[in-house]
Amino acid sequence: MTRYKYINNVKVAFTAEEETARDAEEKAWSDEAPNRRMADLRRQRDALLVETDYMGNSDVVMSEDWVTYRQALRDITSQTPSDDALSNITFPTKPS
C-alpha cells in the first residue's frame with residue numbers, strides 16, 4: 001500500500017526509502033506494545049498499593065485480608081496483558 005505525504009498542499013507518494021523507514025517505525029512501535037502494557041499494569045498496581053501504604057505504619061495493625069490483598073497486587077505483574085485495555089488482567093478485590 002502506497003503512503004502519501006503533503007508537500008505545499010500537494011499529495012506526494014512516499015519514496016521507497018520513506019516507505020522502508022515508516023515500516024521500521026511501525027514495527028518498532030508494535031514490538032514495544034508488551035512493554036507499554038506492562039508499564040501501564042505497574043502504574044495501576046502502584047496506585048492501588050499507594051492507597052494502602054498507610055497500613056504499613058507501625059501504629060496500624062493490618063488484617064490478614066489486607067495483607068493478602070497487598071500481596072495479590074504485588075503478584076499481579078506475573079500476569080501478561082494481552083491488549084492495551086488490560087482486559088485479561090484480574091485485579092484483586094479490595095477488602096472492606
- Message: To check you understand the geometry: which heavy-atom pair defines the closest contact between Ala13 and Glu18, and what is its length?
- Response: O-OE1, 4.4 Å
Does [Y] offer a backbone N or O that forms a donor-acceptor pair with the side chain of [X] under 3.5 Å?
| X | Y | result |
| --- | --- | --- |
| Ser30 | Glu26 | no |
| Gln44 | Leu41 | no |
| Asp83 | Leu86 | yes |
| Asp46 | Val50 | no |

- So, are Glu19 and Arg22 salt-bridged, with charged N and O less than 4.0 Å apart? no
- Let me know which of Ile89, Leu48, Thr90 forms a side chain to side chain contact (heavy atoms under 4.5 Å, CB included) with Ile76. Ile89
- Query: Considering residues at least two apart in sequence or located in another chain, which fulfil the side-chain contact (heavy atoms from CB on, under 4.5 Å) criterion with Arg74?
  - Reply: Leu49, Arg70, Gln71
Residue pair [X] / [Y], side-chain heavy-atom distance below 4.5 Å:
| X | Y | answer |
| --- | --- | --- |
| Trp66 | Thr52 | yes |
| Asn88 | Gln79 | no |
| Arg43 | Asp40 | yes |
| Glu25 | Thr20 | no |

- Query: Partners of Asp31 by salt bridge (charged side-chain N to carboxylate O under 4.0 Å, His left out), sequence neighbours excluded?
  - Reply: Lys27
